[in-house]
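Some notes on the structure that comes next.
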Amino acid sequence: MAGLSFYIVFSSTAPAEAMHIAEGFLPIEWAAFWWAVSLPFFIFGWRSLVRITTLNPELKSLLALSGAFTFVLSALKIPSVTGSCSHPTGTGLGAILFGPSVMSVLGGLVLLFQAVLLAHGGLTTLGANMFSMAIVGPFVAYFVYRLLMPTGRARIAIFCAAALENLLTYVMTAIQLALAFPAASGGFMAAFIKFVGIFAVTQIPLAISEGLLTVLVWNWLQSYGQPELETLKLLKQEA
């Protein structure tokens, strides 16, 4: 994973509009709105992150893995709607392990690093990108996982959580773009249908792939991260 991260950082030559919502793409009022909506989640998530690392410092490596997983997957991009793109998100794993609040911080930091180091996304649009990928996505993953876990099929729950997290992240992005750029004929709904339809072409297979990859990482954690999973009380849920 470290090698793949190094390759992505130093081989990427894509312009700023190639990932997330690009710098300066949203009207200033919408950029400010999404910043205002996202900051409370980030602050609450930071408090959760501090509490976890204070009570269980042995989980720091697993937190770092969750952040790295998000960074690597969300840097694998396919150009899509002008000013944005399709890509895996990688936030489902961390949401399952630590809850959605922690992923608002890890996902937000990933987006910040990508904006500053890779010129992907942007600072003005960071609030909007954070809300879709680091807030909506993780909450979807967490609740889907919790909803399906009583069935006793952990891998199916993890797959569905990661896949739906990916898809709903892009539904939220389509909503954000449609709100900022309503169609001349049909307004918000016409624009939303257009944006979500374009995203669906690439995002549905990417969501399936992300779900499968997240299950593979879960299997790896079961083999090599049992103490951490036991601390998180996740192993006993496995059927």
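Side chains are part of it too, since the values below use all heavy atoms of this structure and drop only hydrogens, waters and symmetry mates.
Judged purely by atom type and a 3.5 angstrom limit, T125 has no side-chain atom pairing as donor or acceptor with the backbone of G121. With S132 contributing its side chain and N129 its backbone, the two residues share a donor-acceptor pair below 3.5 Å. The backbone N or O of G45 sits nowhere less than 3.5 Å from a side-chain atom of S101 that would complete a donor-acceptor pair. Judged purely by atom type and a 3.5 angstrom limit, S104 has no side-chain atom pairing as donor or acceptor with the backbone of A134. Side-chain N or O atoms of Q203 include one that pairs as donor or acceptor with a backbone N or O of H87 at under 3.5 Å. The closest donor-acceptor contact from the side chain of Q226 to the backbone of Q222 lies under 3.5 Å.
In this structure, CD in E23 is found 3.5 Å from OG1 in T124, a value given to the nearest 0.5 Å. Taking CG of L232 as the reference point, atom CD1 of I96 lies at 12.0 Å (rounded to 0.5 Å). Atom CZ of F131 and atom CH2 of W35 lie 14.5 Å apart (nearest 0.5 Å). Taking CG from L65 and CG from L93, the interatomic distance works out to 6.5 Å, rounded to the nearest 0.5 Å. Between the CG atom in L39 and the CE atom in M130 there is a gap of 6.5 Å [rounded to 0.5 Å]. Here the OG1 atom belonging to T91 is positioned 9.5 Å from the CG atom belonging to L111, to the nearest 0.5 angstrom.
The two residues M149 and A154 come nearest to each other via the heavy atoms SD-CA, 3.7 Å. Scanning both residues, L26 and A180, for their nearest heavy atoms gives CD2-CB, 3.8 Å. When every heavy atom of V215 is checked against every heavy atom of R155, the shortest pair comes out as CG2-O, 3.6 Å. Considering all non-hydrogen atoms of both residues, A191 and A183 come closest at CB-N, 3.6 Å. The two atoms that bring G127 and S38 nearest to each other are O-OG, 2.8 Å, heavy atoms only. What you find for T169 and G137 is that their closest heavy atoms are OG1-CA, 3.4 Å.
Using a 4.5 Å cut-off on side-chain heavy atoms (C-beta onward), P100 and M103 make no contact. Inter-residue side-chain proximity for F159 and L164 is flagged as unmet; no heavy-atom pair is nearer than 4.5 Å. Considering only heavy atoms from C-beta on, Y145 stays 4.5 Å or farther from C160 through its side chain. The shortest side-chain heavy-atom distance between L213 and L73 falls under the 4.5 Å cut-off. The side-chain heavy atoms of L123 and V116, taken from C-beta on, include a pair separated by under 4.5 Å. Between T214 and F69, the closest side-chain pair of non-hydrogen atoms falls below 4.5 Å. Using a 4.5 Å cut-off on side-chain heavy atoms (C-beta onward), Y170 and V196 make no contact. A 4.5 Å side-chain heavy-atom check between L49 and F98 finds every atom pair outside the cut-off.
A ring-centre distance under 6.0 Å is not found for F188 and F195.
E210 meets the side chain to side chain donor-acceptor pair (under 3.5 Å) test with T89, N166; sequence neighbours excluded.
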Exercise. Verify side chain to side chain contact (heavy atoms under 4.5 Å, CB included) between L97 and L221, making sure each step is shown before the conclusion.
Key: CA-CA 11 Å; L97 293 173; L221 285 174; 4.2 Å; yes
Practice problem: Take T173 and Q176 through the test side chain to side chain contact (heavy atoms under 4.5 Å, CB included) and record every step on the way to the result. | Solution: CA-CA 5 Å; T173 300; Q176 291 172 321; 4.2 Å; yes
Self-check item: Full working for side chain to side chain contact (heavy atoms under 4.5 Å, CB included) between F25 and L177
Solution: CA-CA 10 Å; F25 191 75; L177 293 173; 3.8 Å; yes
Exercise. Take I135 and M172 through the side chain to side chain contact (heavy atoms under 4.5 Å, CB included) test and state the conclusion after the steps.
Key: CA-CA 10 Å; I135 296 172; M172 188 66 236; over 6 Å; no
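Tracing side-chain contacts under 4.5 Å through hydrophobic residues (I, L, V, M, F, W, Y), one never reaches I156 starting from Y142; they form parts of separate clusters. In this structure, V102 is not a member of the same hydrophobic cluster as I43, with clusters built from ILVMFWY side-chain heavy atoms closer than 4.5 Å. Cluster annotation: L147 and V140 are assigned to distinct hydrophobic clusters (Ile/Leu/Val/Met/Phe/Trp/Tyr, side-chain heavy-atom contacts under 4.5 Å, transitive). Two different hydrophobic clusters hold M133 and F44 under the rule that ILVMFWY side chains link at heavy-atom gaps under 4.5 Å. In terms of hydrophobic clustering, with Ile, Leu, Val, Met, Phe, Trp and Tyr side chains grouped at heavy-atom distances under 4.5 Å, I193 and I175 are assigned to a common cluster.
Between F41 and F139, the ring-plane angle classifies as perpendicular under the 30° and 60° cut-offs. Relative ring orientation between W220 and Y224 is described as tilted, the plane-to-plane angle lying within the 30° to 60° band.
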